[in-house]
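Data block below; observations after.
Just so it is clear, the structure is predicted and the values come from calculations on it, not from any experiment.
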Number of protein chains: 2
Amino acid sequence: MLKEERKQIILNEVRIHNRVLLNDIAELVSVSVDTVRRDIKELHDERKLKKVHGGAISLGFYNHNAQEKEVYSIEKKSLIAKKAIQLLKNGQVVLFSGGTTNLELAKELPASLAITCFTPSIAIANQLLSKNNVEVILIGGKLSKDSQIAVGGTAINMLADIKADVCFLGTNSIDFEHGLTEFDWEIVEIKKAMIRASRKVVAPVISEKLNSYRRYKICNIEEVDVLITELDPEDKALLKFKDKNISIL
Amino acid sequence: MLKEERKQIILNEVRIHNRVLLNDIAELVSVSVDTVRRDIKELHDERKLKKVHGGAISLGFYNHNAQEKEVYSIEKKSLIAKKAIQLLKNGQVVLFSGGTTNLELAKELPASLAITCFTPSIAIANQLLSKNNVEVILIGGKLSKDSQIAVGGTAINMLADIKADVCFLGTNSIDFEHGLTEFDWEIVEIKKAMIRASRKVVAPVISEKLNSYRRYKICNIEEVDVLITELDPEDKALLKFKDKNISIL
DNA sequence: CAATTGTTTGCATATTATTGCATAATACTG
DNA sequence: CAGTATTATGCAATAATATGCAAACAATTG
């Protein structure tokens with residue numbers, strides 16, 4: 001068994017289970033735990049996973065927590081927000097899903113921009129309210145305690161009456177193969193409806209969310225028109241998306 | 001179970017419920033309370049939650065400066081809130097209009113109370129979200145910039161499908177002769193719809209709002225079932241309302 | 001082919017991290 | 001202010017880690 005082969009297996013396990021135990025891997029690939037430990041250390045240095053006491057966890061899993069993102073990735077999100085704002089023109093109708101990246105986007109909207117915004121997120125609605133030239137329309141429905149956005153039939157019905165110019169679609173995970181995915185089915189339903197309600201789908205995502213996936217699928221990667229990350233558009237991690245005719249910012 | 005994994009679970013619980021008890025977590029993840037305590041201490045040091053006596057609470061997810069600054073007659077509002085809460089029973093469906101008095105009411109709802117709440121106010125929805133046993137349903141629609149509640153046809157249509165047990169109807173002014181009145185026609189429309197959507201109308205108002213009136217009328221004084229003020233129910237300012245068969249609290 | 005060099009691997013060892021328990025101190029409750 | 005619950009602290013058992021070392025292995029060179 002080649003070392004690289006082993007490392008791929010480890011990464012795969014991490015991707016599937018979001019965590020691995022050192023001992024399990026050692027048994028799985030029939031090497032000593034020391035070797036696995038060294039492999040994980042290398043993968044950690046390569047930023048492919050996070051080494052923790054007793055094993056490793058996926059970066060996506062580690063980062064999925066809202067507070068941490070809030071605190072630690074502000075600069076990245078701000079960069080993404082700035083790129084995203086360039087897509088907007090006066091008079092447009094814009095749909096915002098939830099998430100802290102979209103929240104940052106809402107925060108940074110220039111005061112001069114006159115647009116109409118729909119959102120099921122109370123946090124984003126709250127931010128948008130402070131923009132004088134922005135008309136804010138709240139998408140109603142049962143509030144998910146978890147993600148703090150309106151979900152369910154009412155929200156989906158309301159979206160059915162909308163055709164927005166742009167939808168800023170936050171997502172938990174994005175993967176070339178598995179598309180956009182989420183933890184929570186309620187959220188998936190509402191995001192599917194948001195895609196249907198928009199002419200153009202823009203996915204602002206932190207690069208850490210790339211190459212990870214969750215249980216439930218929102219859509220295929222092809223349904224995204226524009227992908228915005230904090231990385232340089234020419235970054236090698238983004239190249240394959242260009243093949244699918246997705247704009248990269 | 002990896003330590004990091006456990007920490008993620010704790011964070012997740014905090015995110016969902018806004019607070020966790022040490023003992024609950026210990027049971028949930030099957031470790032001693034000491035271990036959970038240490039985990040929470042670490043998460044606290046990492047600024048991912050706030051450690052409190054007996055457990056942890058989430059960091060305020062967004063700083064609602066606007067509402068926090070409204071400290072006008074907070075004691076009076078708190079007193080009104082306490083009286084209003086006594087009207088509520090588990091299992092009821094409750095409608096909240098906007099306003100700082102209703103916000104105070106939402107804040108002070110006891111954690112044990114299990115009710116379903118509808119509201120067009122993002123500030124109140126936000127408060128209600130932190131109550132474990134409260135289901136929150138947001139009434140969607142265009143957000144009024146000054147009152148920060150959803151107004152217009154969408155909101156009114158949504159209300160048409162509801163029959164709540166109680167409606168806490170905030171109002172700008174209340175007058176024996178002119179009834180409940182407002183500055184803003186949009187708000188009047190939505191409040192009219194709220195009255196139609198409820199079996200019982202409760203008006204929590206500070207005494208300062210008594211005996212004043214505005215341009216637009218929500219309803220006659222007779223349509224109010226219960227009037228709650230910070231005054232003693234026997235106060236002479238309230239006597240005349242009793243004649244109209246309105247309960248005074 | 002033998003010698004050399006560098007890498008990988010497993011093992012032994014010392015070090016460090018994690019956990020639960022005991023106990024004393026402190027905070028909350030009525 | 002007493003009674004209870006929660007917390008901080010030290011300690012010991014266990015598990016995981018880092019480190020050095022030697023054997024195994026591969027690639028390169030004379």
Nearest heavy-atom contact between A:Thr119 and A:Phe96 is OG1-O, 3.0 Å
Non-neighbouring partners of B:Glu42 that pass side-chain hydrogen bond (donor to acceptor under 3.5 Å, both in side chains), sequence neighbours left out: B:Lys3, B:Lys7
Who are the salt bridge (Lys or Arg N to Asp or Glu O under 4.0 Å) partners of B:Lys41, not counting sequence neighbours? B:Asp45
Just how far, in rounded Å, is P of D:dT7 from NZ of B:Lys41? 12 Å
Whole angstrom value for the distance that separates C1' of D:dA5 from CZ of B:Arg37: 10 Å
Determine the interplanar angle of the A:Phe241 and A:Phe176 rings, folded into 0 to 90°, and report it as parallel if under 30°, tilted if 30 to 60°, perpendicular if over 60°. perpendicular
Scan nucleotides 17-30 of chain C nucleotide by nucleotide, 5' to 3', and note B when protein non-hydrogen atoms come under 4.0 Å of the base, S if they reach only the sugar-phosphate, - if neither. SSBBBB----SS--
A:Asn23 side chain N/O closer than 4.0 Å to the phosphate oxygens (OP1, OP2) of D:dA16? yes
State, yes or no, whether a side-chain contact exists between B:Leu109 and B:Leu88 at a heavy-atom distance under 4.5 Å. yes
Whole angstroms only, please: what is the CG-P distance between B:Leu21 and D:dT7? 10 Å
Side-chain H-bond candidate by donor/acceptor type, A:Asp175 with A:Thr181, under 3.5 Å: no
Under 4.0 Å between a side-chain N or O of A:Lys51 and OP1 or OP2 of D:dA18? yes
Sequence neighbours excluded, the answer for salt bridge (Lys or Arg N to Asp or Glu O under 4.0 Å) partners of A:Glu186 is A:Lys142
Between A:Gly55 and B:Val52, just flag the one whose closest nucleotide in DNA chain D comes earlier from the 5' side. B:Val52
Quick check on the helix from C:dC1-D:dG30 to C:dG30-D:dC1: what's the angle between its two end axes, five base pairs per end, to the nearest 10°? 40°
Results of salt bridge (Lys or Arg N to Asp or Glu O under 4.0 Å) for A:Lys240 - residues two or more places apart only: none
